[in-house]
Amino acid sequence: MTVTMIKPVSDQPSDPSPATPSRLRTALPGIVRWTAAPVAALALFAILLVIQGTNPADAFSDMISSTFGRQQSIEQIFIRMTPLVLAALAVAVPARAGMTNVGGEGQIIVGAVAACGTYLALGDSMSGAIVMVTMIIASVIAGAAWAGIAGLMRLVTGVNEAISTLLLNFVALDLLLFLIYQPWRANPVGQPATRELSDAAKLPVISGTKVHVGIILAVVLVVVVHVVLRKTRWGFRIGVAGGNAEAARRAGFRVGALLLSALLIGGALAGLAGFVQFAGVEYKLRPSFGHQLGYTAFLACWLARHQPFPILVAAFVFAALGVAGDSLQIDSGVPSAAIYILTALILMAVLGFTTAKKKARI
Amino acid sequence: MSDDPAPQPPQRPLLTVLALTKHFGEVKANTDVSLEVWPGTVHALVGENGAGKSTLLKMIYGVYQPDAGQLMVEGREAVIDSPADARRLGIGMVFQDLRLVPALTVTENVALAMPGGITLKLKELKAKIAESSERFGLSVDPSARVEHLSIGERQRVEILKVLMTGAQLVILDEPTSVLAPQEVEALFRVVDHLRDQGFGVLIVTHKLNEVRAIADQATILRGGRTILTNVVPKEHTDDELIQAMVGHSVSDLVRRPATVAEAPQPALQITGVDCRGDKGHLALKAVTLTVHRGELVGIAGVAGSGQRELCEVAMGLRKPDKGSVLVDGAAVQSPRAALGAGASSVPEDPVADSVVGRLSVLHHMTLDGRPLPKRGFGINWGSVRNRTESDNERVGLRIAPPHRKLGELSGGNIQRVVLTRELSLDSSLVVAAYPSRGLDIANVRQTQQVLLDRRDHGAGVLVVSEDLDELMGIADRIVVMHDGHISGEVLPTDYDRRRIGQLMLGGAA
């Protein structure tokens, strides 16, 4: 079949991307499905609300007005999406190399732990800028190292990184708990926590808002990751290794090093997410640090099909749902856990409606 | 129309295809295609890749609806809307990729295809299968699990399945492409048997010798049109048939005698190598083999005699347990070392081993083992494009446009991309496993020519093939493998199918 379509090479378009004649027509079913998915999810959620005894129309309008109607809420969305974006990138980069990084949670925690440890060690003896840069470096290294453990296990013993990164999450959590219950504990009574960052060591906010500058960093890194994956030799190589490791090996690529490097960069991004959450939002470590950020980001990354720019959208949606959940609890008396149900419904609906079917070859 | 359809023309053709046309947008897959298949007749549908054979089959089997034209079954006009319609009309299809469930037994697989109630009545069915397999000359063990059967046996199960569901016309879609030579003979005996029992057989192929061996009638497609319709192959010369297929005659191989280069070291030197296969068994046993620069060595052997492992050891893809491997004098421990020493290779299974479905032809052209052409941190795609264009011209296999994704290409087109990439390099060693697999006559010839050109440019060339004619046509000597050993070596003056065949089976020459 295919041969009949082949033209001489000389008259091919000069771009490697395929020239699709009817872009709109091919895109249309996609648009329909992307719209249908959240609608279906909201319909199901409405049924749940009715069962629970809440008027869904009121609840939805409350949610929308309280989420998007107040500057404060909109700022909250941006604050929440910042670590989500970074931690989702931490899934996307290894995914390009064909690996599943479920360890964002642990890498975030060790990133924050490293940042906190750095602060506690340096104290306020130096200028805020130096402390902050050192904290960033420490959290990036810690996150990368945590992922690197899983990477080495994969290379040396062949343990699947999806399992090892997941298990390392629990180790990281225990490490966090140990540190804040014992050596780093600042308050003898009450919920254990570390000393709060001094103002100089906190991430500055964008003037006129409460949004810290981490969001700028996150957006910049989305662009950087996009460019690195699409345009660099390293990005091309991990794409080949992720698509077919045997093909990469036969092309003379160092497949092991490529997989490890992709996982290390993922870990570094998650470590950075930990720093951002620590120095931009929470300012001290507590047992609940992070609120399952890593897992939410994992889902956001799947929703975005592991593509950097869609991650911005997915992280925004998840952050908005979180904010909406809080207001739902306050305004309509619906338990905020209900929002997790809505989140899950949306995720399943989107994945279910939009997963491209394998196209038949003619 | 032939004036004399083979033996004793019965009343009506089983299938008449009348001026079928099917276009997909710009692509004219079939235009005005006609043919007839008579009972007790084997009809070959012949054409290159992309000639429109698959489209025609899919219309006959109800997968596609024709844009124009007519299908008639036993003289009556028929509308075939689905494969189920086709089966009801007595048309059965054996696909190239066999559609059996490996974990089930033969009986269970047949049961899946049989109409019937809720209960399976496997015992009855088993007896029926045994009886039918006798009647149709298809030796099949009804209680064997399909996963334990060879490809040839699986194919027989498929044919049996089709016959037991009441097919009068059996369509075989490139049945020999997956078979070893001995299995092809067995298949042809089955086809003979079907003809004798009055079935109609439509067999798709692009190999001339198969047409000669089995077909009573032939229809040749090219560019979606019937060039020759219902002809008797015997009445035409090879040249006429090839010309009908490819539109021009295929030039003979230009072959100069080998001039083994006075190189300081051989292209490939394998000494005393033991090596394990994927299943842990010893796949190579004390193998010693030297390929000189400027020499083309053919490797013959029954499938699974260690050819795959030999190629992988030479390319540094598989570590030997014992012995040494040198490419152009350099010890080979890794793929990088082999590539660095100037080796290039055509893998046995390119789809599994060198294709990333979502990447384009252009992307794949960079995966040749040389450093990626740099531009800053990125890749200089302009230079890759220029290189690809000149490689394509030089190698002459007309690869698909650079932007096409490999996942969308057929096996033959993928093979051409890999061949073009690997055979355009100035290599010290070329390891080519089944280089002509999936290619049509003209491209097979072209590939063989390029392999010889590589040799003449001073490369050592190692070619593994199941086609003895191919090896005897191009190899300066043939090394025969049997069960992981090298069982013998044959020089051109002694080329003889029987002699090589004996060595393949482990006997002394």
Side-chain angles (χ1 to χ4, degrees), chain A residues 1-22 25-26 96-98 224 226-258 305-307 356 358-362, chain B residues 24-29 48-52 54-55 223-224 315 317 334-336 338-340 345 347 352-364 366-370 372 374 376-379 381-382 385 388-389 392-393 398-405 408-410 412-413 440:
Chain A
M1 250 345 294
T2 23
V3 182
T4 47
M5 293 182 257
I6 289 172
K7 301 173 206 146
V9 176
S10 50
D11 62 16
Q12 288 317 307
S14 59
D15 192 88
S17 67
T20 33
S22 55
R25 204 189 305 165
T26 48
R96 185 85 175 173
V224 169
H226 172 85
V227 171
V228 166
L229 291 183
R230 289 296 168 107
K231 301 286 178 196
T232 66
R233 289 191 295 281
W234 181 80
F236 177 70
R237 287 198 184 101
I238 68 162
V240 173
N244 184 343
E246 182 62 21
R249 193 167 82 100
R250 285 174 186 251
F253 294 174
R254 293 186 178 89
V255 177
L258 286 173
R305 301 278 151 75
H306 305 120
Q307 300 299 317
K358 223 174 141 187
K359 267 190 263 168
R361 295 182 195 184
I362 358 172
Chain B
F24 300 96
E26 302 277 290
V27 182
K28 297 177 176 171
E48 295 191 281
N49 294 333
S54 315
T55 305
M315 291 304 296
L317 293 158
S334 68
R336 292 176 66 82
L339 295 166
S345 78
D353 292 339
S354 55
V355 165
V356 182
R358 65 180 156 74
L359 296 186
S360 69
V361 170
L362 197 63
H363 289 138
H364 280 81
T366 65
L367 303 179
D368 56 8
R370 287 184 292 176
L372 297 171
K374 290 179 189 173
F377 289 107
I379 295 168
W381 290 110
R385 188 182 309 278
T388 303
E389 244 172 72
N392 189 29
E393 223 158 275
R398 294 173 297 119
I399 56 172
H403 68 265
R404 287 291 300 274
K405 294 200 166 49
E408 300 165 351
L409 298 186
S410 67
N413 276 317
D440 52 59

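Keep in mind that what you see is a predicted model, and the values were worked out from it rather than measured. A note on names: the letters A, B, ... follow the listed sequences, proteins ahead of strands, and every chain is numbered from 1.
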Name the member of Arg254(A), Arg250(A), Arg249(A), Arg230(A) that forms the most heavy-atom pairs with chain B at distances under 4.5 Å. Arg250(A)
Contact origin within [X] toward chain A - heavy atom pairs under 4.5 Å:
| X | value |
| --- | --- |
| Val361(B) | neither |
| Ala352(B) | backbone |
| Thr366(B) | side chain |
| Ile379(B) | both |

Using 30° and 60° as the class boundaries, would you call the ring planes of His363(B) and Phe236(A) parallel, tilted or perpendicular? tilted
Using only atom types and a distance under 3.5 Å, with no angle test, would you say the side chain of Asp353(B) pairs donor to acceptor with the backbone of Glu246(A)? no
One pair to check against salt bridge (charged side-chain N to carboxylate O under 4.0 Å, His left out): Arg385(B) and Glu389(B). What are the steps and the verdict? CA-CA 6 Å; Arg385(B) 188 182 309 278; Glu389(B) 244 172 72; over 6 Å; no
Hey, which of Met315(B), Lys374(B), Glu393(B) has the most heavy atom pairs under 4.5 Å with chain A? Lys374(B)
Taking the side chain as every heavy atom from C-beta outward, state whether Arg404(B) and Asn413(B) have any pair of such atoms under 4.5 Å apart. no
Which heavy atom in Leu317(B) sits nearest to a heavy atom in Pro335(B), and how many Å separate them? CD2-CG, 3.9 Å
